[in-house]
A.B. asks: 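Quick one: the structure is below, questions incoming.
Treat the numbers as computed from the prediction; the structure is a model and nothing was measured. Every chain is numbered from 1, with letters handed out A, B, ... down the list of sequences.
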Number of protein chains: 2
Amino acid sequence: MQDGDGSGAGGTGSPEPAIEVPAARERARAIPEAAVARLAVYLRVLSGMAEQEVTTVSSEELSAAAGVNSAKLRKDLSYIGSYGTRGVGYEVAVLIGQIERTLGLTRKHSVAVAGIGNLGHALANYGGFPSRGFPVSALFDMDSDLIGVPVGGIPVDHIDDIEQVCIEREVTIGAIATPAQGAQEVCDRLVAGGVACILNFAPVVLQVPEDVEVRKVDLAVEMQILSFHVARRQQDADAPETAGGSGVAGVDGVDVGPPGTSGRMSQEIDPVNRMVERL
Amino acid sequence: MQDGDGSGAGGTGSPEPAIEVPAARERARAIPEAAVARLAVYLRVLSGMAEQEVTTVSSEELSAAAGVNSAKLRKDLSYIGSYGTRGVGYEVAVLIGQIERTLGLTRKHSVAVAGIGNLGHALANYGGFPSRGFPVSALFDMDSDLIGVPVGGIPVDHIDDIEQVCIEREVTIGAIATPAQGAQEVCDRLVAGGVACILNFAPVVLQVPEDVEVRKVDLAVEMQILSFHVARRQQDADAPETAGGSGVAGVDGVDVGPPGTSGRMSQEIDPVNRMVERL
DNA sequence: GGATGTGAAATCCTTCACAGCA
DNA sequence: TGCTGTGAAGGATTTCACATCC
């Protein structure tokens, strides 16, 4: 998962344990992060079912469609209440309503997009995002050629006006689609503008106050994770059970290191990340 | 993470322990998924440091820059071997090399992009992605106006040719940026073309053979997770310590159901997901 | 009979704290 | 002395399996 937890909120090195509350005592809203993400998926699947006039589902059916196992699904749903009927299943409409309520989808969340490049355009052109739900209500860029130009129906404002505009338009979610260099500053301004939820597409680790929620969408990381799996597969294929006596430990048995390539490939510093600077 | 485990694969209730290997044979590949994702982040941070001529970092410094705590960072690095020097820290160049090796970044991974809409364009225009690393080598769409038109230097092929083209160009990673409707079929074709790693931007849960790795980038889900946090915050603000002594249990205390809103809002079926059909 | 809801076990991940080495 | 590497403790998440109810 993306985490985005407390992060290094300043305390660089200081052993300070932060203001850490006595854990979950506070909010009984104890829905695990992981479950929240899945609820959103269930919601989508359910919507599809509702469209096809399906009125009832069992945990088996829904879980299969959502790609999880049924026990997990039931536990996830149990976090939001008991809306099923034993021996029957769940009413699609009811579940949709309850998940929407839990996710806070019954109110609007104005979105601001910063960085109107390829991705920013794509975001702005979502058709204004869900006509109900997540309306894009502000666009920002620093390119003077773009200022004032409407994209997806909304004129681009200058990045210097973020604070003011966000406050005016009551933006609650900020999407950062700028190049890496500008991302932290844009983030700071969004926060100054009262935006407490950020969706970060820029390949940087944002430093934010702990009351700001950051989710990141990181293409380079995704690609590299996939690359890892390709590599793993290859190794399994190359040496299904070789082991060469290196044993299980493997903790130090990292001699797998390809001869002569150890520190060399880093000559041209990380070509991957260099490129993925802006979507 | 789509999991992709047995899922509905019959295992419904059958006590069959599956083919589950004794875990021992798993060897050194024991790097936790979560750690792999972070390694990619460390790599990026390290690259930035290398660019600035930094040659050595301590776990404290690196972890702060990566937004994790130092113990986690050290544990993550320990999965790939022991490349630090006690009392000193890590050599940036060495770590970069080792992480790249672990993630399989020492070989190329040809990428195919299916669906040349807003997002597909953005992906194709990455400049051909990392000149070394993840070259985009194929583009697909079904819009006949697009076929043959070069985007980001690569001509668009018809989606019917996926299999053939992927095999020819040895595509290892497929990015699906199509509308929801076509995604599963595109996915199936990619798999038929030998693509075992898929990055899915379409808002659907893909069904794939278990040897195919799927990562998904799901805007609607991300937005909804943020929405959840906004809602949680609001509730906390509205009733900072109400709780009514519900304590931790709260398992059943989910009667939080807002009066009169239960099944009503589901009238217009999930406006959110309807919109986010294509980035 | 059939499916939900949920304690409890199992698994995975994170954090602690300290031994060990440069 | 200072920082890495890592067992062990602690949490969080997932899975099991079954009591419970329609």
A.B. asks: What is the distance, rounded to the nearest whole Å, between atom CG of A/Leu73 and atom P of C/dT4?
C.D. replies: 8 Å
A.B. asks: If you assign each of A/Val88 and A/Ala71 to its closest nucleotide in DNA chain D, which residue comes earlier from the 5' end?
C.D. replies: A/Ala71
A.B. asks: Nearest whole angstrom, please: distance from the C1' of C/dT14 to the CG of B/Asp76.
C.D. replies: 10 Å
A.B. asks: Can you find a side-chain donor-acceptor pair between B/Glu60 and B/Ser70 that sits under 3.5 Å?
C.D. replies: yes
A.B. asks: Considering only C/dA19, C/dT4, C/dT6, which nucleotide approaches the side chain of A/Ser59 most closely?
C.D. replies: C/dT4
A.B. asks: Whole angstroms only, please: what is the CD-P distance between A/Glu61 and C/dA3?
C.D. replies: 9 Å
A.B. asks: Do we see a donor-acceptor contact under 3.5 Å between the side chains of B/Gln234 and B/His229?
C.D. replies: no
A.B. asks: Write down the distance between CD (B/Glu33) and P (D/dT13), rounded to a whole number of angstrom.
C.D. replies: 17 Å
A.B. asks: Does A/Arg74 or B/Arg74 map to a spot on DNA chain D nearer the 5' end, using the closest nucleotide for each?
C.D. replies: B/Arg74
A.B. asks: Would you kindly say whether B/Thr106 and B/Arg101 are connected by a side-chain donor-acceptor distance under 3.5 Å?
C.D. replies: no
A.B. asks: If the cut-off is 4.0 Å, is A/Lys75 near the phosphate of C/dT6, judged by side-chain N/O to OP1 or OP2?
C.D. replies: no
A.B. asks: Taking only the side-chain nitrogens and oxygens of A/Asn69, find out if one of them lies under 4.0 Å from OP1 or OP2 of D/dT15.
C.D. replies: yes
A.B. asks: Rounded to the Å, how far apart are A/Tyr79 OH and C/dG7 P?
C.D. replies: 11 Å
A.B. asks: Looking at side-chain heavy atoms only, is the closest gap between B/Tyr42 and B/Asp76 below 4.5 Å?
C.D. replies: yes
A.B. asks: Do B/His109 and A/Gln224 meet the criterion of a side-chain donor-acceptor pair at a distance under 3.5 Å?
C.D. replies: no
A.B. asks: Let's see if you can work this out: which of C/dT14, D/dT6, C/dA22 has an atom nearest to the side-chain heavy atoms of B/Ser78?
C.D. replies: D/dT6
A.B. asks: Name the closest nucleotide to the B/Pro32 side chain, picking from C/dC13, D/dT14, C/dC21.
C.D. replies: C/dC13
A.B. asks: Starting at CZ of B/Arg86 and ending at C1' of D/dT4, how long is that distance when rounded to a whole Å?
C.D. replies: 5 Å
A.B. asks: Expressed as a whole number of angstroms, how long is the span from A/Ile80:CD1 to C/dT4:P?
C.D. replies: 14 Å
A.B. asks: Between D/dT14 and A/Arg38, is there an OP1 or OP2 to side-chain N/O distance shorter than 4.0 Å?
C.D. replies: yes
A.B. asks: To the nearest angstrom, how far is B/Ile31 atom CD1 from C/dT14 atom P?
C.D. replies: 14 Å
A.B. asks: Side chain of B/Tyr90 only, heavy atoms from C-beta on: which candidate in D/dT4, C/dT4, D/dT13 is closest?
C.D. replies: D/dT4
A.B. asks: By nearest atom, which of the nucleotides D/dG2, C/dG5, D/dT14 is closest to the A/Ser82 side chain?
C.D. replies: C/dG5
